Amino acid sequence: MIPDIKTILYASDLQGATWPSMRLAFSIAQQYNAKLIYAHVVNNVKELRDTIKDFEINSRIDIQEILKQTLEKAESRMKSNVEKFVAEEFSESGSPVEVDIRVLEGYPSQTLLSVAEKEHVDLIVMSSRTHGTFGQVLGSTTNKVMHNGKFPVLVIPYH
């Protein structure tokens, strides 16, 4: 029996050329009349480390403000991505797909799998880029989602 796809989780790291994966996620959602959850996970530890290294050691840092700005920036970028994508792909008709934009906090693979479980996701769509030999040995978020979850994962490579 062919599975009925009702909910798709499209996970994006907001880096690089991910239009092909977004295009495929929208296409599948449109074909199945499925809900599309467009998710990005902010890894607070990594974000803080990257931000703090730009400050002098004696500078006063408001950690909560940094995290708030990081989340707001990610959400704004995601909304802009959807608007741009819909304008280019569907022109005047608007999006034929219900899109639920979510900026999540946590460790990416664990957070995505948790959302997939909670939302009863039928398919996860992700991009994957080559991280070199070192990254392949340790594994990427996509690799961890594929091997630690119980959900079908469609991976679209980009370089």
Side-chain angles (χ1 to χ4, degrees), residues 2-44 46-48 50-51 54 65-132 135-136 139-159:
I2 297 174
D4 191 20
I5 299 174
K6 296 179 184 165
T7 306
I8 298 170
L9 174 60
Y10 166 55
S12 174
D13 63 3
L14 300 180
Q15 303 292 320
T18 58
W19 282 131
S21 55
M22 183 181 276
R23 187 174 291 117
L24 201 48
F26 264 79
S27 177
I28 295 168
Q30 186 176 9
Q31 284 180 312
Y32 284 91
N33 196 28
K35 175 182 174 182
L36 180 63
I37 300 171
Y38 175 26
H40 172 69
V41 181
V42 174
N43 183 339
N44 290 341
K46 180 185 178 305
E47 292 295 331
L48 283 174
D50 291 348
T51 304
D54 294 335
E65 185 59 28
I66 291 170
L67 293 176
K68 179 181 172 208
Q69 288 175 2
T70 300
L71 296 171
E72 289 171 352
K73 183 177 172 183
E75 183 175 9
S76 173
R77 184 160 177 202
M78 291 171 77
K79 286 179 180 177
S80 174
N81 285 351
V82 169
E83 289 169 5
K84 214 180 291 183
F85 178 81
V86 168
E88 288 177 16
E89 297 292 322
F90 303 106
S91 57
E92 304 298 317
S93 62
S95 178
V97 174
E98 175 189 348
V99 181
D100 179 3
I101 295 174
R102 297 196 193 172
V103 179
L104 310 163
E105 296 178 68
Y107 187 71
S109 60
Q110 292 172 351
T111 303
L112 291 170
L113 289 172
S114 176
V115 168
E117 182 79 35
K118 184 176 139 195
E119 296 294 334
H120 307 287
V121 165
D122 302 298
L123 176 67
I124 299 173
V125 177
M126 304 177 76
S127 293
S128 181
R129 63 180 179 274
T130 304
H131 294 282
Q136 290 173 356
S140 65
T141 298
T142 303
N143 191 32
K144 290 173 186 168
V145 168
M146 285 174 30
H147 291 96
N148 296 321
K150 61 181 183 181
F151 308 92
V153 181
L154 177 58
V155 179
I156 295 84
Y158 73 95
H159 305 278

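Computed from a predicted model, the values in this text were never measured in an experiment.
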Item to complete: Give a yes or no answer on whether the side chain of Ser114 reaches the backbone of Gln110 with a donor-acceptor pair at less than 3.5 Å.
Response: no

Discussion item. Let's go through Glu117 and Lys150 carefully: what are the C-alpha distance in whole Å and the side-chain angles of both, what is the deciding distance for side chain to side chain contact (heavy atoms under 4.5 Å, CB included) to 0.1 Å, and is it a yes or a no?
Written reply: CA-CA 9 Å; Glu117 182 79 35; Lys150 61 181 183 181; 3.1 Å; yes

Worksheet item: Taking side chain as C-beta onward, heavy atoms only, is Glu105 less than 4.5 Å from Leu71?
Response: yes

Worksheet item: Is there a side-chain contact between Asp100 and Glu119 (heavy atoms, below 4.5 Å)?
Response: no

Discussion item. Name the residue from Ile101, Val97, Val125, Leu9 that meets the side-chain contact (heavy atoms from CB on, under 4.5 Å) definition with Tyr38.
Written reply: Ile101

Discussion item. Rounded to the nearest 0.5 Å, what separates atom CZ in Arg23 from atom CD in Glu88?
Written reply: 8.0 Å

Worksheet item: Side chains of Pro108 and Asn43: closer than 4.5 Å at any heavy-atom pair?
Response: yes

Fill in: Short side-chain to backbone donor-acceptor contact, His40 and Ser12, under 3.5 Å
yes

Practice prompt. State, yes or no, whether a side-chain contact exists between Ser109 and Leu112 at a heavy-atom distance under 4.5 Å.
Written response: no

Practice prompt. Go through Ile8 and Tyr32 one step at a time and tell me if the side chain to side chain contact (heavy atoms under 4.5 Å, CB included) criterion holds.
Written response: CA-CA 10 Å; Ile8 298 170; Tyr32 284 91; 5.9 Å; no

Practice prompt. Go through the structure and list residues passing side-chain contact (heavy atoms from CB on, under 4.5 Å) with Asn148, not counting sequence neighbours.
Written response: Leu113, Lys144

Worksheet item: Got a salt bridge between Lys79 and Glu75, using NZ or NE/NH1/NH2 to carboxylate O under 4.0 Å?
Response: yes

Item to complete: Would you check if Val145 and Ile124 make a side-chain contact, meaning some heavy-atom pair closer than 4.5 Å?
Response: yes

Discussion item. Could you walk me through whether Arg102 and Ile37 satisfy the side chain to side chain contact (heavy atoms under 4.5 Å, CB included) test, starting with their C-alpha distance in whole Å, then the side-chain angles of each, then the deciding distance to 0.1 Å, before giving a yes or no?
Written reply: CA-CA 7 Å; Arg102 297 196 193 172; Ile37 300 171; 4.0 Å; yes

Fill in: Side-chain heavy atoms of Ile5 within contact of Ile28, under 4.5 Å
yes

Discussion item. Over 60° means perpendicular and under 30° means parallel, so tell me whether Phe85 and Trp19 are parallel, tilted or perpendicular.
Written reply: parallel

Discussion item. Is any side-chain heavy atom of Asn81 closer than 4.5 Å to one of Leu14?
Written reply: yes

Discussion item. Let's go through Leu104 and Val115 carefully: what are the C-alpha distance in whole Å and the side-chain angles of both, what is the deciding distance for side chain to side chain contact (heavy atoms under 4.5 Å, CB included) to 0.1 Å, and is it a yes or a no?
Written reply: CA-CA 9 Å; Leu104 310 163; Val115 168; 3.6 Å; yes

Practice prompt. For the residue pair Val86 and Phe26, establish whether any side-chain heavy-atom pair is separated by less than 4.5 Å.
Written response: yes

Worksheet item: If only atom types and distance count, is the side chain of Ser21 paired as donor or acceptor with the main-chain N or O of Val155 below 3.5 Å?
Response: no

Worksheet, complete the sentence: Contacts of Lys6 meeting side-chain contact (heavy atoms from CB on, under 4.5 Å) (sequence neighbours excluded), chain-then-number -> Asp4, Asp122

